[in-house]
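Below is one structure, written out as C-alpha cells, with a few remarks after it.
Within every chain, numbering begins at 1; the chains are lettered A, B, ... in the order of the sequence lines, protein sequences first and strands thereafter.
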There are 2 protein chains.
Amino acid sequence: MAGTTARRPLRADARRNYERILAAAQQAFAAHGADASLEGIARQAGVGSATLHRHFPSRRALLDAVFHDRVEALCARAQEHARASEPGAALFSWLRDFNAYAAASRGLVGSLLRDGRDTDLLQEDDDCKMMITTAADELLQQAQQAGAARPGIRTEDLLALVSAISLAAEDHDDDAQAGRLLDIAIEGLRPHRCEHPTSTRETFS
Amino acid sequence: MAGTTARRPLRADARRNYERILAAAQQAFAAHGADASLEGIARQAGVGSATLHRHFPSRRALLDAVFHDRVEALCARAQEHARASEPGAALFSWLRDFNAYAAASRGLVGSLLRDGRDTDLLQEDDDCKMMITTAADELLQQAQQAGAARPGIRTEDLLALVSAISLAAEDHDDDAQAGRLLDIAIEGLRPHRCEHPTSTRETFS
DNA sequence: ACACTAACCGGAGTACCACCCCATTTAGCA
DNA sequence: TGCTAAATGGGGTGGTACTCCGGTTAGTGT
C-alpha cells in the first residue's frame with residue numbers, strides 16, 4: 001500500500017518530463033509562492049499543461065513532490081536534535097528549524113500543513129504531512145515526559161501553531177517576526193515554573 | 001484627507017446597488033470564504049460586474065466594507081474590557097473575543113490582517129486594520145504597564161500571532177483548536193513569574 | 001533490423017475568473 | 001419637463017485550471 005514511487009519503471013521520456021516539471025515548479029514556487037500558475041510552470045518546463053496534470057493530479061501533489069526532499073531533511077534534523085540535546089532543547093530547536101525551513105521555501109508550510117479536506121479527493125501520497133507529524137510527535141512526547149513541555153499540548157496543535165506562525169511571517173515577508181512569534185509560542189509551551197516547583201528540575205536519565 | 005465616507009451624497013440608485021452588493025458579499029464570504037467569486041457576488045446582487053468593481057476597486061475594499069461593523073464592535077469590546085477588568089484580564093479576554101469574531105465570520109482575519117503590500121496600490125481606506133491595531137495597542141500597553149504581559153512584545157506581533165491562530169483554526173475548520181492555541185499563546189505572553197519576583201506585584205493607579 | 005503496441009504527449013477546447021471600455025440609461029435639479 | 005452628469009452593465013480581454021483525443025514515441029518481442 002501507499003505506492004508512492006515507481007509502480008512501473010516509467011518510460012524514459014515520461015521521467016524526463018517529470019523532472020523538468022519538478023525543476024520548473026521549484027523555481028516558480030520560490031519566486032511566486034505556492035499559488036504560482038501551473039500553466040506557467042508547464043510552459044517553463046516546455047511541456048503541455050496536460051502533461052503536468054497527468055503527472056501531478058493536483059497542485060497539492062506537485063507541492064508535495066517539490067518539497068519532499070526538504071521535508072525529509074527537516075525530519076532528519078529532528079532525530080539529530082533528539083540525539084544531541086535534552087528533550088526540551090531538542091523540541092524547541094527543531095521548531096526553530098521548522099521556521100527556518102519554511103522561510104527558506106515559500107509556500108511549503110501553507111500548502112503542506114493546510115488540511116487537504118477541502119480538496120474532495122483523499123490524498124493518497126501525503127507523506128510530507130505524515131513525516132512531519134511523526135517527527136513532531138516524538139520530540140513533543142519526549143519533551144513532555146522530561147517535564148520540559150506542558151503535558152496538555154497535542155501534536156496537531158503544536159504543528160498548527162508553528163505553521164501558522166511561519167505562514168504569518170511569510171505573508172508579512174518579515175523573517176525576523178517569525179522568530180519573535182516563535183519566542184512567544186515556545187514560552188507558552190513551557191510548563192508553568194512556579195506552579196510545579198518540584199517536578200521540573202531533574203532530567204530523567 | 002482620508003475621506004472614507006460620502007465625498008458627495010451618492011446617487012440613490014448607486015447607494016441601492018452598493019447595499020445590494022454588500023449584502024450579497026456578506027453571504028458569499030460566509031459561505032465560500034474570503035476568496036469567493038466577485039463575479040458571483042455581482043450576479044447574486046443583480047448588478048453587472050463593472051458596478052461591483054466601481055464601488056469596490058479591490059477585493060480587499062469589499063471585505064473591508066463587509067466586516068467594518070463587526071470590527072467596530074470588536075474594538076468597542078476592547079474598551080469595555082479595559083473599563084471592566086484589570087489590564088491583563090482585559091487583554092486576554094479581548095484576544096479570545098478576537099478569536100470568536102474571526103471564527104464567526106470566515107475570512108475576516110485572513111484578509112484584514114494580511115498585509116496589503118502585495119496589492120500595488122496603497123490602501124486609502126484601511127480603517128479596519130487601523131482600528132484593530134489601535135485597540136490592541138492600548139490593551140497591550142496597559143497590560144505591560146501593569147506587569148501582566150511581557151514588556152518585549154510588540155503590538156504588530158501580538159496581532160500577527162492571534163490572527164495566525166484564528167486563520168489556522170479556520171483552515172482546519174476546528175473552532176476548539178483556536179482556543180487551545182490561544183491558551184498556549186497567552187501563556188507565552190505572560191511575564192516569566194519566577195524571573196521578576198519584585199516588579200509584578202503593584203498595579204499602577 | 002523492424003514492426004507493433006501501450007504509454008505518453010500536447011494542442012485545442014471548456015469553463016471559470018478578474019477587470020475594463022464605452023454606448024446607453026437614469027436620477028436629480030432648474 | 002428637459003438637461004446633464006452620474007451611474008449602469010453587456011461584452012471584450014486576458015488570465016487561470018483542467019480535460020479530450022488524435023498523433024507520436026519508447027521499449028519490446030521477433
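If you check every strand for non-hydrogen atoms under 4.0 Å, A:Ala12 touches sugar and phosphate atoms only. Across all strands, A:Arg59 comes closer than 4.0 Å only to sugar-phosphate atoms, never to a base (heavy-atom distances).
In this structure, CZ of A:Arg54 is placed 11 Å from P of D:dT19, rounded to the nearest angstrom. When the P atom of D:dT16 is taken as reference, atom NE2 of A:His53 falls 11 Å away, rounded to whole Å. Rounded to whole Å, the distance from CD on B:Gln44 to C1' on D:dG9 is 18 Å. One interatomic measurement links the two molecules: CD of B:Glu39 to C1' of D:dG15, which rounds to 13 Å at whole-angstrom precision. Distance, A:Leu38 CG to C:dG10 P: 16 Å, rounded to whole Å. The CG-C1' distance, from A:Leu52 to D:dT19, rounds to 13 Å in whole Å. Put simply, CG on A:Asp35 is 17 Å from P on C:dC17, counting in whole angstrom units. Taking atom CZ on B:Phe56 and atom P on C:dC20, their separation rounds to 16 Å, with Å as the unit.
Residues B:Tyr101 and B:Arg70 share a closest heavy-atom pair of CE2-O, 3.5 Å.
Of the charged side-chain nitrogens involved, none lies within less than 4.0 Å of a carboxylate oxygen, so that B:Arg83 and B:Glu80 do not count as a salt-bridged pair. For the pair A:Glu19 and A:Arg15, the salt-bridge criterion is met [side-chain N within less than 4.0 Å of a carboxylate O].
Taking 4.5 Å as the limit, every side-chain heavy atom of B:Leu91 sits out of range of all side-chain heavy atoms of B:His81. Residues B:Glu187 and B:Asp183 have side chains not in contact (no heavy-atom distance under 4.5 Å, counting atoms from C-beta outward). Under the 4.5 Å side-chain criterion, counting only non-hydrogen atoms from C-beta, B:Leu95 is not in contact with B:Leu139.
Considering only side-chain atoms of A:Val47, the nucleotide from D:dC18, C:dC20, C:dG10 that sits closest is C:dG10. Closest contact between the side chain of B:Leu10 and the listed nucleotides D:dA17, D:dT19, D:dA7 involves D:dA7.
Contacts with DNA chain D (heavy atom under 4.0 Å) in residues 13-33 of chain B: B:Asp13, B:Ala14, B:Asn17, listed by number.
Taking 4.0 angstrom as the limit, A:Ser37 places a side-chain polar atom (N or O) nearer than this to OP1 or OP2 of D:dA17.
Side-chain atoms of B:Arg43 stay outside donor-acceptor range of the base of D:dG9, with no qualifying N/O pair under 3.5 Å. Contact of B:Arg11 with D:dA6 (side chain to base): a donor-acceptor pair of N or O atoms is detected under 3.5 Å.
Shown here is B:Glu138, whose CD atom has no more than 12 heavy atoms of other residues, nucleotides or ligands within 6.0 Å.
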